[in-house]
Structure formats: C-alpha cells, structure tokens
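As structure tokens, the structure follows; a few thoughts come after it.
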Amino acid sequence: MAGVAYYPGCSLRHSAIEFDRSTRIVLESLGIDYEVVKDWTCCGASPAHMTNHLLAQALATRNLRQAAKIGEELLAPCPACYQREKNAEVEVHADADFRAEVNEIMDEPYTGEVRVWSLPEFLKEKVGLATLAKLPTTDLSQLKVVPYYGCLLARPTELTGECDTEQPMIMDQLLAAAGADVVWWNYKTECCGASVGVPNKIIQQRLSEKILSQAEEAGADAIVAACPLCHQNLDMRQHQLNDAMGTSHHMPVLYLTQVIGLGLGFTVKEMMLDKHLIDPTPVVERAIAKAAEVRAEAERKAQEAAEKARKKAERKKQEAKAKNVEERE
Amino acid sequence: MAQATEKATGTTASWDGEGRVKVVGILCNWCSYAGADGAGTARLRQPFDFRIVRVPCTGRIDPLHILKAFEKGADGVLVSGCHPGDCHYAEGNYYARRKLELLERMLPQLGFEPERFKYTWVSASEAQRWQQVVTEFIKGVEKLGPREGRAL
Amino acid sequence: MRIGVFVCHCGTNIAATVDSEGIAARAGELKGVVHTEDIIYTCSEPGQQAIQQAIREKNLDRVVVAACSPHMHEVTFRRTVEGAGLNPYLFEMANIREHCSWIHADKPEGSEKAYDLIKMAVAKVRDLEPLYANEVEVNKDVLVIGGGVAGIQTALDLAEAGLKVTVVEKETTIGGTMAQLDKTFPTIDCSACILTPRMVDCAQHENIEIMAYSEVDRVQGYVGNFTVDIRKKASMVDWDKCIGCELCQQKCPAKAPDAFNEGIATTKAIYIPFPQAVPKRAAIQVDYCRWFQEGKCRVCERVCPADAIDYEQQDEYMQKEFGAIVVATGQDVFPWEEYYHEYGSGRIPDVISGLQYERMLNASGPTHGHVVRPSTMGQKDVEPEEPKTVVFIQCIGSRDESVGRPYCSNVCCMYTAKQAILTKDHVGMETEVYVFYIDIRAFGKGYEEFVKRAQTEFGVKYVRGRVSKLYEERGKVKVRGMDTLLGKQVEIDADLVVLASGITAADGASELAQRLNISYDQYGFFKESHPKLRPLETNTAGIFLAGACQAPKDIPTTVAQASGTAAKVLGLLAKDKLKTSPMIARVDQSRCVSCWKCIEVCPFGAPEKEELRDGSYKSHIIETVCQGCGICVATCPVNCIDLKGFGTQSVLDQIEEVLLT
Amino acid sequence: MSPANGNYKAVEQRIRELARTALEEGRVDYFIGWTAGYNESEVIPGFVRSADKVDDLVWNPLAAYNLTTFLKRKMPDPPQAKIGLAVKGCDSRTLVSLLQEELVDRERLYVVGVPCEGIVNRRAISKMFANEVVKIEVEGDTITVTNQDGETKQLAREEYLLDHCRSCKYPNPRYFDDLAGEAVTEPEDQTPMWREIEEFEALPEKEKDRLMAEAFEKCIRCYACINACPVCYCWDNCVCRSRQPKLVGQKVNAQENLMFQMVHMFHVAGRCPSCGNCDRACPVEIPLYLLHRKMNKELKEMLDFEPGIDLEQKPVFQTFDVNDPFGQH
C-alpha cells in the first residue's frame, strides 16, 4: 500500500492529543506507513461551509492537493475534518467545471484523485476485522462499552456510504474485534449538542445528559467515541453538566483507538488515558483484572476436569488388573 | 402589444430567422408523444426550435428518414420512444434501438457532429424528463449552430 | 385536392400565445387549401357543425384541425368529418396546444410554430387516402386478473349481464386485501360481512370461473380476440378432491410464516389462509414442508380424509381465449422496514404496520381481536399485555420524497382514524391514543365527520408533526417527535406504535404491464388512457383497469370504479363484430422481392407468404392480425410495404414541408 | 499475411477437375468461375456450361471478382438451375450472408472453396503506366507487369495487394462443398483490423464532411456498385429508383448521391462483409469502403458481430436482444 496521508486537523493537535497519539500508535503497530500532510490548512469545519461554498471547498481541496503529494489516500481521524474533506472530494472529482473554478482561486491546482477515509472505515477496509481480531494480547472481554458515532461519522449516506444511518455497525464491529464487550443501545447517533455548546449550553447539557444516562441504562462501563468534539461534550463537560442538572454521572469516555490500543497490549499510560477528566483508568484496570480472574477460574475448572479424567482412567486400569489376576487363578 | 400582434402575423419570428436552429423530433405515439402532451398540459416551457412528427412506434422509423431530414436541412434530429420493455407493440423499440445505434455511430463518419442526433426513451408519464431531454438536446445543437453541411 | 383548415382558439388556451386568426388566414396560401377558418371552441357543437357545413358547401375532400393533441380529440373529429360524408381517415390534426401554445410564452414565436405544425398537417393530409375499417368476430368471454374486491365486483357485474368471466387470482383464495381488514371506514361496518358473501356469489355464479393460485404468463392477440397463457401453480393438493376440512393444517407439524396475518402469527406448511377462503382449498408452502425439505413426514397425506395430497403435482399450463381483459391486481403495503431506519427498521417488536394492527383487531385474527403488545405475544409464562399508550404515525411511504413516494396513499388518514377509534373501543376509553399527522385528508363522503368523531367522541389526540425517532427504553417504545402547532418537541413512552404504511404498486406490476403491453407510471401503477376522458381504459384496446392497480384507492372508490369498468367492457362486447383500425400495413406485391424480412420481424405474425397466379410467392399482411406498428415497413428494403395513415411518404413530406424555406 | 507459396497452377487444376466432374455427373447445369480477360492483365467472371470448356477456368491473384454476385440474379434463372460456383474467403462470407437469409437455395448450389492469399490491386498497378497494361504475372513475392510497349516493372507483391487482403482474417472460405487445394494458414489473431479507415476516422467532422461531399460530387449514379454488390438484391424494384416513397431524388448531386449510397449501406448493414466488389466496380473510384468498413467496425463493437462468419447466425437487424448493451437510457 502506497503511503497514506494523515490529516490531524486542529483538535488532534491540542484538545484531543490523546486521540492523535493513540491513533498513530495503533496505525504504526498495524504496520501502516502514513505521513502527515505537509503544510495543511484548516478543513473549514463549522464556519467556512456556512459562509461561502467555493471558498470552503477550496480550503478543503487544498488539503487534498497537499495529500496528493504523498499518495492517493487521505486519513482524517476527526469526523469533522473527514466530512469537509470527503465533501470536497466528492464534488471536485465529480464536477470538472467546479474543479476548474476551485483551482482558479488556489495557489497551485489540484489535479489528483485522492480518496478520503474516516478512521473506522479505514481500519475496517485496510486492516480488516478478521486480521484485527487476531491481534489483541490484552483481554478486554470484561469491558462493557457502548460505541458513540455522533452525527458526522454515519451521515449522510451519499457521503459516508453507511446504509443504516440510524444504527451504524462499523464501530461495534471494530470494538468487538478489539475484544471489548460491545453493548447494544439506542443513542449511537444522537446529537451531543456540540454545535450549540457555546451559544446555548442548556440544550447541549440536556442532550449530552441523555446520552450519558442512556449509556448507564445500557449498563456500559464506558462510552467509546471517535470525535474530539463529542468527547469534549461528554467527558470534559461532564462535571459542569452534573452541577447544572443535579445529576451525578461518572461515565468515562474513551477514544476508539485507545480501546483498540489497549487490546493490542499498550499500557494505560501509552494510550494517555490520564488525559481524560473522567478517569477511565480504574474502570479499564478493573475490567482487565476481572478478565484475568475469569480466565483463571476457567483454567482451574479445566484442570479439575482433567484430574477427574485421569483418576477415572487409573481406576479402570486397577479393575482390569484385578480381573486378569482372577482369571489366572 | 400592437407590435407583437403585427409580428405574430408577420414572419419575424420565423424558424429560419437569426440564431435559430431547426430540430425535428420523431416520436412514438404511445409513450413519447404522450409524454410531450403531458409536458404541455403541465405547461413545462420548451425551446421553440422544435417540430414533432408523430409515428406509431420507433420501430416504424427507418434511419433513412433521419438522414432525409438532415438532407432537407435539419440541424438536428431527436428520436424518442417507449423505454425498452414498454413498447406498445412489445418489440418495436428493440429493433429500432439497433438501427438507431448504428446510425448514431455512422453519422460522424459522414461529417456530422454527434450532438446533432440523439435517440432516447421517454414514457407517457415522464413529462419532466421530456422537457429536460428536448431542452438539453436543442442546447447542444444551438452550440453548434445551423449546419452548412455539404455532404448531406 | 380541396383541403379545409380549421384553427382552434380553445378559448384562450391556444389564442393566448397563438394568433389563431392570423395563421388561419395564412394557411390559405398552402398548396391545396381552399378553405380556412378559426373557431373559438372547435370541439364544441357549433364548432363541429362549422366543419361539417364547410365540408358540404366547399365540398372539401381533406380536413385539417389545428387544436389540441390527437390523443384528446382525434376520434371526435374523425366522427365529425364522417358525419359530413367524408372518409374519416382523410383527416389530420395539428397539435398546437400541448405542443405549442402551452409550452411557449412569446406570441409571435407561438404563432410561427403553430403555423409550421399546420403546414406539416396539411402536407400529411395530402398523402392520405380513404381507409375502410375491417370487421372481426368478437370473443365475448372476459378475463379478470386479480380476485380482490375490484375483481370480484367487476366479475359479478359482468356475470350478471350474462358474460362468461374467468377470474385469475395469484393467491389460493380470492378476497384480496379487503379480506384481511377488520372494519371499514367511515361506517365501521364489518369488512368480512360485506366481502365474504360476494366471494361466495362469485364461487357459485354459473358464469364465473375462479382460477385461484394461478398467474398470467403471456398475452397475445388484440381487442376481441386475446389468447392468454395461464399457469396454475402447483399447490401439492388435488383441489378436485380437497374438501377444505383443515385437518391437514391442524395436524401439520411444520410452522410457516403467515402471510395472511402479515407475519404477526405463524401458520402451517400446509394451510388455508382463513376460514372463509374461496375456494376453500389447502396448499403446501414447499419451502417449509418437512417432506420437501427433509424428506420425511407426509403427515398431511396420512390424515387427509379425501386423500387429496399429491407431492408430485406440477404447475399446469393452459391457454384460453378472451374478448376483453380487466386488470384488477390491487396494491401492496409499503415495505417500511427497508426505508425507515429511524423507526428501527423492524427491530422493535412493538412497532408494527397498519395492516398488521388490522389483523390484530380482527376477531378472526391471531389474537382474536384482542389488542396486545407483540413483544409479549406467544411467549411461555408471559401474560400478553394490553397497551396503555398507542401511537399512530401517518404518511409512512406516502408524501415522502425521501423514500421515493411523493404521492398520497389516499387511505391511511382514514384507516388510522378507524383504528384509533377501534383501539379505544377494544382496549377501553382510558387508553392514551396519539396520531402524528402531516395533514388530515378526509375528502370522502362522511369522512371528515368520522375523523371529528375520533377526536371529540373518542378523545384521540392528534399531534401535527413528524416523528423523528423510535427506540426502546425501559420496556417502552420512546416516540420522539415534533408538535409543529405548539412548536415543541414531544416525547411519548408508548406500549405500541402503529405505522400507517401507505400503498405501493403490487409486486411484479411492471412485469405484468409489459406482458399486457399497457403503460405504467414511475411508481408501477398502471396508466389510464386519459385521466378524464378514458379513466377506465388503458392505451391497449380491450384492456381495462379496476381498483388500486391504477392508483391508491379506498374501498368505495374501488367498487365504484370496478362497476364502471364492467360497464365499459359490456359496451365493448355488446357488438358481435368489432371494427379494426384500417391504419395498418399493406404490401404492394408488384414490387415485393420476397425476401421475407417482414415475416421475420413482425411481433404479431401478420405477414404471410401468398402464392400468386404465376406461381411466385409474395408477402401479404393479414389485416385482422396487423396492429399497425410499422416495424415491417421500416424493414422492407424495397419499401413496398406502407403503413396506412402513417405512410412513409407522408413522414418525409411533413419533414420536407416544415424544413422548406 | 504469409508470403505466397505460389501454387496457383495446382489450385487452378483442382478447380477445373471439380468443375468437370460436377458438370459430367450433372450435379450442376453450369459452373461460375474465373476466366482470362481480353489480355493477361486481368481475370473476369466466366460461366462454363460444358465439361470440355472447364480449361477456360483460371485461378491467380487477379481473380478479384466476387462471383456470389451472380447468384442473386441467376438463382431463379432458369428457376430450377443447379449452379456451381467458386468462392474465395471473402466471397464465401457474402454467400453465407445470403444463405443466412435463405435468399439462395443451398440445395441447388455446388460451392468450390478457393483458399486465397490475397488479390493484387490491378487499379493501383495500371495507374503506374501511361498506357495500357497488358500482362500481370505473380511469381512468389514479386509481381511482373508489362504494358503495351513491352516496358516491364517488377513490384513487391505485398505492397500491391488490395487493402482488405492485407488485413484479411479469413483467407479460407467459410462455406464450401469441396476445397480446391490446401487450406492456407489463417492468422492467429482473428480480431479484425480497421487500418484503412482509421486515418479518415481521425479527421475532424468538418473535414470528413468536405471529403464526403467531394467524393460524392463525382458519383454518376451508374448503379455499378449495387449491381456488383453480392448482397444487394432488390434489382429493378430498388427503392432508389422508386418515387413512392421518394427517398432519393433523381437529381445527381452530392447530397442525393450520398443519400443513394446511404440507402445501399443501410440495406446491406449486417450482411456486407465489405468484400470490395463495389469499390472495384465504381468507375469514379469513390472510397465506398470508408462507409462499409466503418459500418462493420461499429457492428463489431455494438454486437460483437462479423457478417458472413456463422451460417447459423440470424442477420442482426432481423432480430434483437433485450439486453443489447446500448440504448439503455
């Protein structure tokens, strides 16, 4: 596979650095050679596309152009970046006239055919669930997680290719492959309120609260997200939210790649779990410990069984001997 | 207004006036002609430079009729019938499809730009599609302008 | 040649953008035109009289009427000129309305184009020659495809009038969708009480033959003389022996999904859909039968008192002759699971379709009329639980472009109101019943009053707005929606959600249409010849429509239309002979080179080899068989075949005339 | 094509024998073959009606004429006549076309197949001399040409073959009762070549239009092309001479002339293997192959069909396939 262009985007540089690190570590350990897009610019998420279509698409296309210098594929872990870049990809590739228009206003033209990948999509298609399922060394079977897709990973179908935008499965599958215990719930794609988080905190808190309580309802130890913004709302603002709404949620929120990384045997430290405000470390360690117990228990049972079998065989031998003796006499 | 009516009886809006192209349509009675009727009933605006000949079925059209139209000075010819499978006579458009496809492929050899001929399928219920087909086709012919063809 | 040209104003429909008067005057210059006239409404009585008068006084021998589409009034005007003693085929129409005045805004342009169209019509009319219709014997038997209420009504009306009718039904019993219904709006009278007697009438009527569990494979021929291939599907039960005692169904050990109950219950591999089935005969669903799947069992064979079971039975093929065909194949329920992911795509047991709920309300249904939550149905030591809150959501697969169904399904508003009332009636007035709607469409007689009753008398809560999401939470179905009147989000914890799934074209409708050579719209509903002038006919002479196969319909409309269709068929078959269109192909044998390509390409087998006196063979078209498509005309290399009324020369002349400068 | 093995004499002998026996045994009433022209520079069609005349028959690379042409006319005359006929590879394809359509009666036909290695382009050769060519001899790879003044030229055979012989894929007859001599090796690659039209095809429309007009200005409407055409069979009833309908005017100008040629083209569509008889017959040298070859090229692309290859095939315009790979829109 030719080099994959890696587009971090603003969040992964700062607020979601742990997402960036865990992702890179996972990619490296999976033997995927990626290269960070040189001289990348803002993807235009949130403000640009609401203001001016051409400029917004040009902004995103510029990154495609930069990526083209690396290879034919661009991985954008942040769903917001993914959406903007994908959007540009689809329109620019389909409409030659528009591409010309965009090139018109860019410093140098984009002539390539770069395909944009979202993180889950990339892992599933490029690594494959079967392969991934073989790799885990740490047993996460006792870690109950609910995958939270948010609004940007699954929708809209014509962009993401996800056929069931209400109940996407790709993160469920990846987490299962990583060995975690994936729990079914109904809030996979509910809005976390990110877009109004600043102007209207109340709404954001109400929406995020629903997600948290639903996760508890489903009996999850943690929510697994793949979006820095969702993570911010659910993790960073969880205390705020508790105060404002008089709730007492304590629901860790992990990044997809953190869970996969843990599965692959990386430590809590390496996966930077300590970066989270709701510290997931206890939950994770408890789960891993419990898994060990469960395994031990299983082994003990197995041994007992083996012992029984051995004894039985012994007895048979004895009886047989006795029989022979009688016969001789 | 007065001037308009005077124009109406005069020939200023004539088909071979400045910047006009002459496009002939040959439509099957059951699907496309009805589709064009539907477009009319729905008051869907369509280009002026278009005259329709009604035939019972695209299977009744001989490629030579189209060549004849060109010879007589048409700048473009559009043939339209029932979608494959929907022919009122079951098979007509299947036969037509082969003949018209060959014609379409031969015309460039005779010195025709491809945009001057098109065959397509428009059903009786596709008024909108009809408007779009005829508008786009004529736009294509207008781009080329009238033929000063010599061969045919 | 003495041609008369009559230009219509059609009030302002044409005159607004076409100077009818002016172009009428100009048409006088055209070769052969001796009389021109512009008329306000040409199709009106005075209009037609004007034409006839002109024909007589100016003894015209050709007539051109420039007005609307020939599909609209060609027939009318042919009759007009015939009335004046002129051969009706010496007439041509110029379509200056649909193809001109209605699609152009600029009057000078409109007038110019209209004039060109008249030029073409005149050019064509010059080439026309008098034609004389041919007469064929008419077969008076009628085929009705589909045994739903529409088919039943048509069949009975026709049979009563003395015609022999064959009803072909693809299921094992007639009755169709109406047989599945519990009550009917707006009277809340029992559906079965209306339908089943009619079904029995069908079965017992001497003039009606019911061919259940059969399909139409192929249709050949033409009005008055159709030849139809019918396939009786193998039911694995000899229906001549079967007495419908249901013993096999009781004893059969293999469960199978129950289509009649819309899958909310199971039936057996060998089954009779419902007790009042007509004909009441059993059939085996091979995919679920243990004998066919595992090669053991044969219980039904053992228990059958009539020894009717026949595991070797094969499909039966037969060919029948008919004079007319009525298509009454009805509709299907919109498969919402495939489209509405936000409603759980069928994952949530307590979210069901309207027709499934109908079965539940039905006294002869799987719950014997008791309304229960499907999630609590058919489980061991779980007492089926009655819902306390029921939510109805309207316009599922109707008026929803996102699922490719922009049309209104016509019945959902009303059946939802009915089911809402019945819910209150069955479960008790204290049940909470909500209806989420876009608009209430209660257009029929007594409909609006009916909906009002639901709201006032029964206290059904109507919420104007769409439901955005359904999901399970704490054993309830969470209904999240919008009340657009209050402008607020609403959330309801429901025990049961009923989706008013709309009507979609019957499965396989377009394939059938292709077999019948009738047109259908993009949704698969069959197309009537003209919405107002010929609403019951198709574009293919002798084939008629009845019921929801043409468009979504409720029962009253369907039955009314069915009777109307019966009347149309009677009108057609009242004659002993039918005039066939003389606009057909004819061979000039003096030029025929006997290459027989015409025979090769004709879809109808009209051309034949005819021996001449000199012993040579030439092509000849059998007039009654030719349908006038003209495929042979376009194929004949010497062009010795011509299509009367659409002659090759007339096509060329129209083109030449209009391109001439 | 492989260089000539030059056993023309042997093949000629074989043709004579086969004709003789056929005539002697009364299997044929007459035999249509090639005979010497009025000088040694050309070979013309010859009808042999008695066994003692078979030695008039010749075979050499001048035997260009496609004798199938005579069938369509001679077949019914006298009605029961049994006809012997010699065909080259290309000729046989026109025969197959006629047989496919049952335009000739197989029962009354005796076909001698002649393996052919290419016909020399007599027109091109004679153009090289100011006055008349009297002798053309082909010896192995060289052609020796003599004109009336005894002046001679030696030419490379390969260069003076007819165009369609150079790209010939079917040197051996597709249909025959007896083969005169060894079948020659057919080229491995059976995919047809369109060399001779590619140059013209590549021209811009305007230019093609001009050249066509130029070519058809010259047409004198002598109908030699359709008379020589083996698959054009309407004769005196030809629509080109009919006024009802009036597809072609009697005016002799580029438009009407091309229209006339179009009538011919569409009537032989799917039946004409472009044997070249019309080209050779045209006294004003209109490049008719530009139309016929092009037509065959398109038919090959459209329907993967080559005329006159398979006896069982139905002529493509008298049938259809619901799944034809074009005109779906």
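All values reported here derive from a predicted model rather than from experimental measurement. Computed over heavy atoms, backbone and side chain alike; hydrogens, waters and symmetry mates excluded. A note on names: the letters A, B, ... follow the listed sequences, proteins ahead of strands, and every chain is numbered from 1.
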Between the CD atom in D:E298 and the CG atom in B:L103, the distance rounded to the nearest 0.5 Å is 11.5 Å

Per-residue tally against chain B (heavy atom, under 4.5 Å) across D:M295, D:M212, D:Q255 peaks at D:Q255

B:R150 (side chain) donor-acceptor with D:E214 (main chain) under 3.5 angstrom: no

Between D:F320 and B:Y94, what is the ring plane arrangement, given parallel below 30°, perpendicular above 60°, and tilted in between? parallel

Honestly, the part of D:N257 sitting under 4.5 Å from a heavy atom of chain B is neither

Review point. Can you tell me if B:Q109 uses its side chain to pair, donor with acceptor, with the backbone of D:E201 under 3.5 Å?
Key: no

B:R98 side-chain N/O to D:D324 backbone N/O, donor-acceptor pair under 3.5 Å: no

Side chain proximity check, B:L64 to D:V248, heavy atoms < 4.5 angstrom = no

Bottom line for D:L303: the part with an atom under 4.5 Å from chain B's heavy atoms is side chain

**Message:** Closer than 3.5 angstrom, by distance alone: can the side chain of B:K68 be matched with the main-chain N or O of D:L247 as a donor-acceptor pair?
**Reply:** yes

Rounded to the nearest 0.5 angstrom, the CG-CG distance for B:L110 and D:L290 is 10.5 Å

When rounded to the nearest 0.5 Å, the distance separating CG of B:L102 from CD of D:E301 is 11.5 Å

* More than 12 heavy atoms of other residues, nucleotides or ligands under 6.0 Å from CD of D:E102: is that the case? -> no

- Query: For D:E199, does the CD atom have more than 12 heavy-atom neighbours from other residues, nucleotides or ligands under 6.0 Å away?
  - Reply: no

